[in-house]
Amino acid sequence: MTDKIKMTTPLVEMDGDEMTRILWKYIKDILILPYVDLKSEYYDLGLVHRNETDDQVTLDSAEATKKYGVAVKCATITPNAARMPEYNLKKMWKSPNGTIRSILDGTVFRTPILVNGVTPYIPTWTKPITIARHAYGDVYKNTEMKVMGGCKAELVVTDKDGNESRQLIHDFDTDGVIQGLHNIDKSIAGFARACFNYGLDLKQDVWFATKDTISKIYDHRFKDIFQEIFDNEYKEKFAQAGIEYFYTLIDDAVARVIRSNGGYIWACKNYDGDVMSDMVSTAYGSLAMMTSVLVSPDGIYEYEAAHGTVQRHYYKHLKGEETSTNSVATIFAWSGALRKRGELDNIPELIKYADNLEKATIDTIEDGIMTGDLYLISKLENKKKVNSEEFLHAINERLQKLM
């Protein structure tokens with residue numbers, strides 16, 4: 001083999017938790033380090049280290065991503081009550097993804113990876129649907145509290161001169177709960193531009209949907225900002241590219257999506273995007289076959305898999321049992337980050353390597369060699385289930401030939 005591909009600028013590498021952390025090392029050792037002289041600034045975002053650093057490591061990794069422009073991230077645990085004693089946590093730390101999204105104020109684009117032999121549960125979906133998820137505010141930055149019966153809840157805004165505006169939320173006859181959501185025009189505008197730019201890059205229509213009939217101020221603000229930016233900045237560019245921008249209500253959008261062929265970008269508010277990306281990826285066949293890229297308004301990229309840490313397989317792995325864990329989305333996180341680094345630094349060899357890595361991965365599955373999740377749903381006649389490591393070695397055999 002020829003010399004390893006040289007990098008000029010590091011990318012930020014964020015390690016993670018459980019089975020995906022095991023796969024992370026396998027992928028690097030088998031598929032990346034033999035080919036690329038990897039330059040990365042490493043941050044351990046595993047829950048143990050986040051707890052040790054009071055989550056400072058998450059903030060540091062986001063700032064490093066701002067500095068270098070490209071990051072690749074492993075799946076991480078967002079702790080719940082059950083994780084507190086398991087990891088002896090000082091507190092229930094927030095989602096690292098949520099923290100990083102807030103700092104970078106980007107939009108998350110999630111796209112399924114299509115392979116022959118895996119037919120979507122919705123057979124009309126012949127092209128991928130990219131979910132564009134707003135990455136700031138709403139329920140992920142909420143303020144919430146329990147309320148006792150007999151209390152009155154009000155929304156109070158104090159202006160810079162100390163004047164208050166008040167609105168009654170609810171008079172509580174019985175115990176209940178309350179939460180406050182917010183968003184900011186600047187972030188919504190960044191979200192809109194990111195979606196329109198991505199649409200132009202992919203030459204795909206952009207759909208956007210909210211519930212502005214019910215939320216006549218909050219959701220309507222999203223609708224108005226999108227329309228204003230589109231009309232003033234993108235209308236002519238979209239016409240020249242032969243694509244369109246389309247707004248509808250979220251419930252109408254869901255019905256249209258189910259009947260469609262795919263091949264467009266569906267922009268969703270933060271919570272809608274969280275839920276719909278899981279629905280879309282599962283309907284295409286597997287959560288492990290969906291890429292996720294966070295793009296900030298000023299062109300910073302963070303790549304990761306759209307799934308979690310595969311806890312069940314990790315416990316099997318700890319017992320010494322064999323696992324057959326799908327690593328495709330994590331491989332594509334690495335290929336996406338290395339390709340973007342190659343594009344930004346003008347390293348064509350790195351771009352070609354990333355393309356070859358993705359082709360080798362898809363070829364392996366289409367040759368009938370796959371992990372257990374795909375084995376169960378693949379329509380290929382001659383298929384073979386392999387374990388987590390065997391799958392990566394099978395990819396490497398094809399990658400060597402392509403290189």
Side-chain angles (χ1 to χ4, degrees), residues 47 50-51 54-56 58-59 62 76-105 107-108 131 133-191 208-225 249-254 267-279 308 311:
L47 187 50
R50 276 184 275 144
N51 192 54
D54 294 339
D55 209 30
Q56 184 61 42
T58 306
L59 307 180
T76 45
I77 293 168
T78 299
N80 56 16
R83 298 292 199 171
M84 295 289 288
E86 182 185 355
Y87 281 86
N88 194 22
L89 299 180
K90 299 173 190 173
K91 62 186 273 193
M92 214 182 293
W93 303 108
K94 289 187 174 180
S95 156
N97 289 357
T99 300
I100 293 163
R101 280 198 294 267
S102 285
I103 292 171
L104 298 183
D105 188 19
T107 296
V108 179
I131 297 281
R133 174 185 171 188
H134 188 209
Y136 177 83
D138 298 349
V139 73
Y140 302 88
K141 287 286 257 185
N142 76 13
T143 305
E144 53 189 13
M145 59 198 293
K146 291 180 180 176
V147 182
M148 305 299 290
C151 291
K152 178 173 75 169
E154 292 182 301
L155 193 60
V156 182
V157 176
T158 310
D159 71 16
K160 63 182 187 297
D161 299 320
N163 304 308
E164 289 184 352
S165 303
R166 289 173 173 266
Q167 272 187 298
L168 177 69
I169 296 171
H170 192 65
D171 271 318
F172 283 84
D173 298 331
T174 59
D175 296 355
V177 287
I178 184 173
Q179 76 176 184
L181 307 184
H182 80 278
N183 226 293
I184 51 177
D185 287 1
K186 181 170 176 260
S187 179
I188 300 167
F191 172 41
F208 179 50
T210 66
K211 194 71 172 173
D212 66 286
T213 50
I214 302 298
S215 176
K216 292 182 179 7
I217 295 176
Y218 194 102
D219 278 24
H220 213 294
R221 189 71 186 132
F222 278 79
K223 178 185 177 183
D224 289 346
I225 288 173
L249 281 170
I250 186 76
D251 20 5
D252 177 48
V254 170
C268 296
K269 285 171 57 199
N270 210 340
Y271 177 77
D272 297 339
D274 192 357
V275 176
M276 289 303 168
S277 61
D278 278 6
M279 185 274 288
Q311 182 182 5

Query raised in the report: Do the side chains of Asn270 and Arg133 get nearer than 4.5 Å, heavy atoms only?
Result: yes

Query - Which atom of Ala267 lies closest to which atom of Phe191, heavy atoms considered - result: CB-CZ, 4.0 Å

Query - Asp54 bridged to Lys90 by N-O distance under 4.0 Å - result: yes

Report summary line: When rounded to the nearest 0.5 Å, the distance separating NE2 of His220 from CD1 of Ile214 is 12.0 Å

Query - Main-chain N/O of Val254 paired with Asp251 side-chain donor or acceptor, under 3.5 Å - result: no

Requested in this report: Spell out, as yes or no, whether a donor-acceptor pair under 3.5 Å connects the side chain of Asn142 to the backbone of Val139.
Outcome: yes

Query raised in the report: Which pair of heavy atoms, one from Ile250 and one from Lys211, lies closest together, and at what distance?
Result: CG2-CD, 4.0 Å

Query raised in the report: Atom CG of Leu47 and atom CD of Glu86: how far apart are they, to the nearest 0.5 Å?
Result: 8.5 Å

Report task. Calculate, to the nearest 0.5 Å, the distance between atoms CG and CZ belonging to Asn88 and Arg83 respectively. Result -> 14.5 Å

Report task. State the NZ-CE distance between Lys94 and Met92, to the nearest 0.5 angstrom. Result -> 12.5 Å

Query raised in the report: Which atom names give the shortest non-hydrogen contact between Ser277 and Gly273, and what distance separates them?
Result: OG-O, 2.8 Å

**Report entry** side chain to side chain contact (heavy atoms under 4.5 Å, CB included) between Asp212 and Leu249, intermediate numbers included
**Finding:** CA-CA 7 Å; Asp212 66 286; Leu249 281 170; 3.5 Å; yes

Query raised in the report: Are a donor atom and an acceptor atom from the side chains of Tyr140 and Asn97 found within less than 3.5 Å of each other?
Result: no

Query raised in the report: Are more than 12 heavy atoms from other residues, nucleotides or ligands located less than 6.0 Å from atom CD1 of Ile217?
Result: no

Query raised in the report: Can Ser187 and His134 be said to form a side chain to side chain donor-acceptor pair (under 3.5 Å), step by step?
Result: CA-CA 9 Å; Ser187 179; His134 188 209; 2.9 Å; yes

Query raised in the report: Any chance NZ of Lys186 has more than 12 other-residue heavy atoms, nucleotides or ligands included, within less than 6.0 Å?
Result: no

Query raised in the report: Is Tyr218 reaching over with its side chain to a backbone N or O of His182, donor-acceptor style, under 3.5 angstrom?
Result: yes

**Report entry** Exercise: identify the closest heavy-atom pair between Thr78 and Pro96
**Finding:** OG1-CD, 4.0 Å

Query - Whether over 12 other heavy atoms sit under 6.0 Å from Glu164 CD - result: yes

Query - Nearest heavy atoms of Lys91 and Asn51, plus distance in Å - result: N-OD1, 4.4 Å

Requested in this report: Return yes if some donor-acceptor pair links the side-chain N/O of Asp175 with the main-chain N/O of Met148 below 3.5 Å, else return no.
Outcome: no

Query raised in the report: Only one of Thr99, Leu89, Thr58 clears side-chain contact (heavy atoms from CB on, under 4.5 Å) with Arg50; which?
Result: Thr58

Query raised in the report: So, does Asn183 use its side chain to make a donor-acceptor pair with the main chain of Tyr136 at under 3.5 Å?
Result: yes

Query raised in the report: How far apart are the closest heavy atoms of Val177 and Phe172, and which atoms are they?
Result: O-CZ, 3.8 Å

Query raised in the report: Hey, are the side chains of Val108 and Arg101 touching, using non-hydrogen atoms and a 4.5 Å cut-off?
Result: yes

Requested in this report: Ignoring hydrogens and angles, tell me if any N or O in the side chain of Asp161 forms a donor-acceptor pair with the backbone of Asn163 under 3.5 Å.
Outcome: no

Report task. Verify salt bridge (charged side-chain N to carboxylate O under 4.0 Å, His left out) between Lys269 and Asp219, making sure each step is shown before the conclusion. Result -> CA-CA 9 Å; Lys269 285 171 57 199; Asp219 278 24; 2.5 Å; yes

